[in-house]
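On a predicted model such as this, the values are computed, not experimentally measured, just so you know. Proteins come first, then strands; the chains are lettered A, B, ... in the order of their sequence lines, and each starts at number 1.
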2 protein chains.
Amino acid sequence: MTNYSESLDSLFQALADPTRRTVIERLSLGPASVSELAEPFDMALPSFLQHLKVLEQCGLVTSQKVGRVRTYQLVPEALNLMRHWLQNQQTVWTRRLDQLDSYLLELAKQEKQNE
Amino acid sequence: MTNYSESLDSLFQALADPTRRTVIERLSLGPASVSELAEPFDMALPSFLQHLKVLEQCGLVTSQKVGRVRTYQLVPEALNLMRHWLQNQQTVWTRRLDQLDSYLLELAKQEKQNE
DNA sequence: ACAATACTTAGGCATTGACCTAAGTATTGA
DNA sequence: TCAATACTTAGGTCAATGCCTAAGTATTGT
């Protein structure tokens with residue numbers, strides 16, 4: 001398996017582009033071929049293909065080719081790494097802020113006693 | 001307020017860099033000055049400052065300068081947009097996969113009846 | 001067989017991103 | 001006051017990204 005940090009790099013990078021996020025959203029509805037995916041975008045096909053390549057390389061989607069048609073689909077577990085990092089961050093922040101809160105509360109209480 | 005999609009762009013983009021993610025992790029522990037944040041990195045200060053600028057521009061952190069020291073801190077709510085997008089995606093995927101599951105289950109049941 | 005379809009590869013060009021050094025500016029401690 | 005400290009600005013290089021056109025290759029319908 002690749003480095004944890006590098007995986008996060010490429011996942012965040014992949015989703016930093018609106019075209020690629022839209023592709024992901026479209027694939028939520030089910031698998032689709034290259035041309036189906038490309039259709040809504042006003043972009044040359046080779047340019048669009050690069051986006052699909054980015055999504056596939058970071059593991060968010062997979063594809064197989066049958067005949068002359070390549071079909072893409074989501075890899076549902078692929079978001080987990082990012083979700084966990086975000087979840088983790090927010091947990092830590094919140095805990096720290098809670099501690100700060102109770103500290104300030106405690107401080108206020110003591111000040112009151114000293115009145 | 002800025003566009004929803006553009007905000008996601010800049011948030012994902014900001015977190016696509018390991019240096020910037022490490023800064024965020026460090027700031028989870030509490031506010032810190034530029035030089036405190038820069039210290040672990042083997043990087044010229046101006047280069048590092050650019051990272052801080054990116055984090056501030058996308059709203060993940062804020063800073064104030066007192067005397068000659070600039071102090072950075074997290075903006076706890078800043079991750080929400082991303083978390084919601086991810087949450088949403090995963091919800092949709094999962095629901096679709098569940099439906100597929102029950103469809104396949106149903107199919108199998110009917111095949112069994114036709115035996 | 002051969003034209004149409006569905007990608008694929010190759011190569012080019014402009015912008016952005018991540019780094020650097022060098023030279024500022026603004027505070028602060030001695 | 002003047003040197004040290006803590007950034008800040010300016011500008012320059014190099015690689016990666018996002019787009020393009022032109023020219024492939026492999027399948028499939030007629």
Quiz item: Of all residues at least two apart in sequence or in a different chain, which pass the side chain to side chain contact (heavy atoms under 4.5 Å, CB included) check with B/Glu36?
Solution: B/Arg26, B/Ala32, B/Ser33
Quiz item: Of the nucleotides C/dC19, C/dT8, D/dT8, which has the atom closest to the A/Lys65 side chain?
Solution: C/dT8
Quiz item: On DNA chain D, nearest-nucleotide positions of B/Tyr72 versus B/Gln13: which is more 5'?
Solution: B/Tyr72
Practice problem: Send over the distance from A/Leu52 CG to D/dG18 C1', rounded to a whole Å. | Solution: 14 Å
Quiz item: Are B/Leu11 and B/Trp85 joined in one hydrophobic group, where the rule is that I, L, V, M, F, W and Y side chains link up if heavy atoms are under 4.5 Å apart?
Solution: yes
Exercise. Answer yes or no: is there a side-chain heavy-atom contact under 4.5 Å between B/Leu52 and B/Arg70?
Key: no
Quiz item: Just how far, in rounded Å, is C1' of C/dT9 from CZ of A/Phe48?
Solution: 18 Å
Practice problem: Measure from the side chain of A/Leu45, starting at C-beta and using heavy atoms only, and say which of D/dC19, C/dT8, D/dC20 lies closest. | Solution: C/dT8
Self-check item: Whole angstrom value for the distance that separates P of D/dT17 from CG of B/Asp17
Solution: 12 Å
Exercise. Under 4.0 Å between any heavy atoms, over every strand shown, what does B/Ser47 touch: base, sugar-phosphate, or nothing? Just pick one.
Key: base
Quiz item: Choosing from D/dG18, C/dC19, D/dA6, which nucleotide comes nearest the side chain of B/Arg68?
Solution: D/dA6
Quiz item: When you measure from the side chain of B/Ser33, which nucleotide among D/dG18, C/dC20, D/dC7 comes out closest?
Solution: D/dC7
Quiz item: CG of A/Leu49 versus C1' of D/dC20: gap in Å, rounded?
Solution: 13 Å
Quiz item: Can you check the A/Glu39 CD to C/dC7 P distance for me, whole Å?
Solution: 13 Å
Quiz item: Considering only D/dC19, D/dT21, C/dA18, which nucleotide approaches the side chain of A/His51 most closely?
Solution: D/dC19
Quiz item: Where is the tightest heavy-atom contact between A/Pro76 and B/Gln90, given as atom of each residue plus distance?
Solution: O-NE2, 3.4 Å
Quiz item: Can you find a heavy atom in the side chain of B/Leu55 that is under 4.5 Å from one in the side chain of B/Leu27?
Solution: no
Exercise. Can you tell me the distance, in whole Å, between the CZ atom of B/Phe12 and the P atom of C/dG17?
Key: 17 Å
Quiz item: Quick one: on DNA chain C, does A/Gln50 or A/Thr71 contact a more 5' nucleotide (nearest heavy atom)?
Solution: A/Thr71
Quiz item: Among D/dA6, C/dA10, C/dC19, which nucleotide sits nearest the side chain of B/Ser35?
Solution: D/dA6
Quiz item: When the distance from CZ of A/Arg20 to P of D/dC19 is rounded to whole Å, what number comes out?
Solution: 8 Å
Quiz item: For A/Met43 and C/dT8, what is the distance between atoms CE and P respectively, to the nearest whole Å?
Solution: 17 Å
Exercise. Measure from the side-chain heavy atoms of B/Arg70 and tell me the nearest of D/dC7, C/dA6, C/dC20.
Key: D/dC7
